[in-house]
Amino acid sequence: MLIAAVPGEGGSGRLLPLDDGGRPTGPAVTAPSLAAAVAAHEAASRPRWVWPSTLAIYPGLLAAGTRVERCHDVELTEALLLGSAGSWGAPRSVAASLARLRGTVVPPDPPPVAASPPGGGQGTLFAAPASAPAVTLDDLVTVYADQRARMAAVPSHPGRFRLLVAAESAGALVAAEMGAAGLPWRADVHDALLRELLGPPSAVGGPPARLVTLAAEIAAAFGVRYLHPESPGELLKAFHRAGVDVPNTRSWTLQQVDHPAVRPLLAYKELFRIWTAHGWAWRDAWVRDGRFRAEYVPGGVVSGRWASRGGGALQIPKVVRRAVIADPGWRLVVADAAQLEPRVLAAVSGDDRLAAAARAGDLYAALANDAFDGDRAKAKVALLGAMYGQTGGAAIPALAALRSHYPTAFDYVENAARTGEGGGLVRSWLGRTCPPSSVSLDVTGYDGGDAPDSGRSRARGRFTRNFVIQATAAEWALALLATLRTSLAGTAAELVLFQHDEVLVHCPAEQADDVIAAVHAAGARATQALFGDTEVRFPMEAVAVDCYAEAK
DNA sequence: AGTTTCATATGG
DNA sequence: CTCGCCATATGAAACT
């Protein structure tokens, strides 16, 4: 059962039931409250909702207390289909899709709305961007029918592509729910942590006490009255005057330098980072009512990983994770997929010998015993070097050993690299297509027309080499997330963070063991969904803790 | 003065 | 040119 839905004015909406082929089975209905109408259908038949954009519609439903089980997100699907056809970056709105279908002028997508801190602006729950014209049910259903036809006609493995569309749509539901739930965040613990590291905050918003002290120590070490330790230019000059010439002022570089300013400077850089990126200003902007609420963007990264807007939700430094604490009587289940990318390589390449190593809990150790004289570190750099396209350093001899022992896996990433170097496109396991080189010009600098052996061509090769792995890993993680969401539905447990290969669930303490079991089951189901009866194992490490910092 | 790029940090 | 992939966010510096 399918129901098409579009939002209208003031929280209203229009609904139209569809048969399994996407054809209307009855008259369209106008509902004064879209949230109420959706809730009623959900209770009655749990349909798959066909709507223009989960991110635009679902937060409003959630605010009204309405959850849905399944959806088909037309805009996300359009992006996948456009990529599959090699037209990257084309507008993906329903209006644009319809215009392409009819051969009329394709309107541009409205620009993304910048995330605003929770207290910082007016509520945007139901406020559509002013430039987005209302979508009619007819248009939505027309585009949906066309998408079904195109999904059936993708270049290869339409069954896998359907799974990709379902996973992408389910991910969008999770992203909205996670944004609504928020990550438990104790502002008082955060404040105590900041005071412990930085000293008391300055009354006027200037640097806290410990940064002031360190800055004075640095200046004294250079024999000057004052300098700005956060200014690379000033630092380079100061080191030069002291007879030390460094190429840059990165921590890793300065660690090699013997000078009295280095020690306080390294401390300053670390603390300055915390103060500016996750200090009191960040907390005041992003933490409300015990929750850090970020905005997640499913499919926001070309590889299919999520991006986030505002608050840096996917870059929470390890030290400040001490402020992520479960509510009283609740626990946080922290779960992550161990060695996900090398296991993906084993599965997609069909390399029997690597797959045999990937049966082990520690893939690198198995690899070391198999082909690297027990040297685990060497095995690891070899495998990572092969997946990232490393060209120098200690990985080179290790790569030769990898090639001779696992030729099938090695050839898989080599072929992806050569395709990219030649200006070609590669796809993930489920059929996500990498952007053409002209789109990633900003990243790789390669426009597809350079000499095959140019630096830009090789950069493109590294990109496509890694894409086939990273994008497939993202798909596996998305499948896990969708499965886990389903098994937690109807319980008190909430998904509160998803970070590429890591999931956090906030749940009543007595439910924690069940959640851990559900995580393991979801991993097994994701593996089965993508790879069938593969020999490769994808183990999840899951623990229940009170505080995020206790995990790993 | 406002906008873009650079340098450096964080995360996977 | 510390590496080789994918990101976001900050302040400084450069640019319009």
Heavy atoms only, 4.0 Å cut-off, all strands: where does A:Gly312 land among base, sugar-phosphate and nothing? sugar-phosphate

Just to be sure I understand the rule, does A:Gly311 reach a base, reach only the sugar-phosphate, or reach nothing, if contact means heavy atoms closer than 4.0 Å? sugar-phosphate

Between B:dA9, C:dC5, C:dC6, which one does the side chain of A:Phe463 approach most closely? C:dC6

Integer-rounded Å distance: C:dG4 P and A:Ile469 CD1: 19 Å

Does A:Trp252 reach a base, just sugar-phosphate, or nothing at all? Heavy atoms under 4.0 Å. base

Select from A:Phe272 and A:Arg250 the residue whose nearest nucleotide in DNA chain C is closer to the 5' end of that strand. A:Arg250

Output yes when at least one side-chain N/O atom of A:Arg305 is less than 4.0 Å from OP1 or OP2 of C:dC6, else no. no

Considering just the side-chain nitrogens and oxygens of A:Thr391, establish if one lies under 4.0 Å of OP1 or OP2 belonging to C:dG4. yes

Without decimals, in angstroms, what is the distance between A:Phe467 CZ and C:dA7 P? 10 Å

Below 4.0 Å: OP1/OP2 of B:dA9 and any side-chain N or O of A:Lys269: yes

From NZ of A:Lys237 over to C1' of C:dA12, roughly how many Å is that when rounded to an integer? 12 Å

Select one nucleotide: of C:dG4, C:dC6, C:dT8, the one nearest the side-chain heavy atoms of A:Gln390. C:dG4

Would you mind telling me which of B:dG11, B:dT8, C:dC5 lies closest to the side-chain atoms of A:Pro232? B:dT8

For the rings on A:His278 and A:Trp286, is their centre-to-centre separation under 6.0 Å? no

Short side-chain N/O contact from A:Asn248 to OP1 or OP2 of C:dT2, under 4.0 Å: yes

Just to be sure I understand the rule, does A:Arg273 reach a base, reach only the sugar-phosphate, or reach nothing, if contact means heavy atoms closer than 4.0 Å? base

Within the pair A:Lys380 and C:dC3, is there a side-chain N or O less than 4.0 Å away from OP1 or OP2? no

Nucleotide C:dA7, atom C1' - distance to NE2 of A:His500 in whole Å: 6 Å

Would you indicate what A:Ser303 reaches in the nucleic acid, counting non-hydrogen atoms under 4.0 angstrom: base, sugar-phosphate, or nothing? nothing

Can you check the distance between C:dG4 and B:dT4, where both ends of the measurement are the C1' atom (answer in whole Å)? 28 Å

What is the nucleic acid contact for A:Asp336, judged by heavy atoms within less than 4.0 Å: base, sugar-phosphate only, or nothing? nothing

Please round to the nearest 0.5 Å and tell me the distance separating atom CH2 of A:Trp476 and atom CZ of A:Arg343. 9.5 Å

Would you confirm whether the ring centroid of A:Trp275 sits within less than 6.0 angstrom of the ring centroid of A:Tyr268? no

State which of B:dG12, C:dG4, C:dT8 makes the closest approach to the side chain of A:Arg462. C:dG4

If every non-hydrogen atom of A:Arg432 is compared with every non-hydrogen atom of A:Val302, which pair is closest and at what distance? CD-O, 3.6 Å

Could you tell me the separation between the CD atom of A:Glu234 and the C1' atom of B:dA7, rounded to a whole number of Å? 15 Å

Take the protein atom CZ of A:Arg460 and the nucleotide atom C1' of C:dC5, then report the distance between them rounded to whole Å. 13 Å

Contact class for A:Gln470 vs. all strands (heavy atom < 4.0 Å): base, sugar-phosphate, or nothing? base

Can you measure A:Trp306 atom CH2 to C:dT8 atom C1' for me and round it to whole angstrom units? 16 Å

Would you say a side-chain N or O of A:Ser231 is under 4.0 Å from OP1 or OP2 of C:dA13? yes

Answer yes or no: is there an ion pair linking A:Arg309 with A:Glu295, defined by an N-O contact shorter than 4.0 Å? yes

Could you tell me whether A:Val302 contacts a base, only the sugar-phosphate backbone, or nothing, with contacts defined as non-hydrogen atoms closer than 4.0 Å? sugar-phosphate

Is it true that atom NE2 of A:His240 has more than 12 heavy atoms of other residues, nucleotides or ligands lying nearer than 6.0 Å? no

Please determine whether a side-chain nitrogen or oxygen atom of A:Ser308 lies at a distance below 4.0 Å from atom OP1 or OP2 of C:dA7. no

Which value, in whole Å, describes the distance between the P atoms of nucleotides B:dA7 and C:dC1? 12 Å

Rounded to the nearest angstrom, tell me the gap between atom CZ in A:Phe498 and atom P in B:dG12. 13 Å

Pick base, sugar-phosphate or nothing for A:Thr253, based on heavy-atom distances below 4.0 Å to the nucleic acid. nothing

Distance-only side-chain donor-acceptor flag, A:His228 / A:Glu234, under 3.5 Å: yes

Using a cut-off of 4.0 Å on non-hydrogen atoms, how would the nucleic acid contact of A:Ile316 be classed: base, sugar-phosphate, or nothing? sugar-phosphate

Counting heavy atoms from C-beta on, name the nucleotide in B:dG12, C:dC6, C:dC5 closest to the side chain of A:Val301. C:dC6

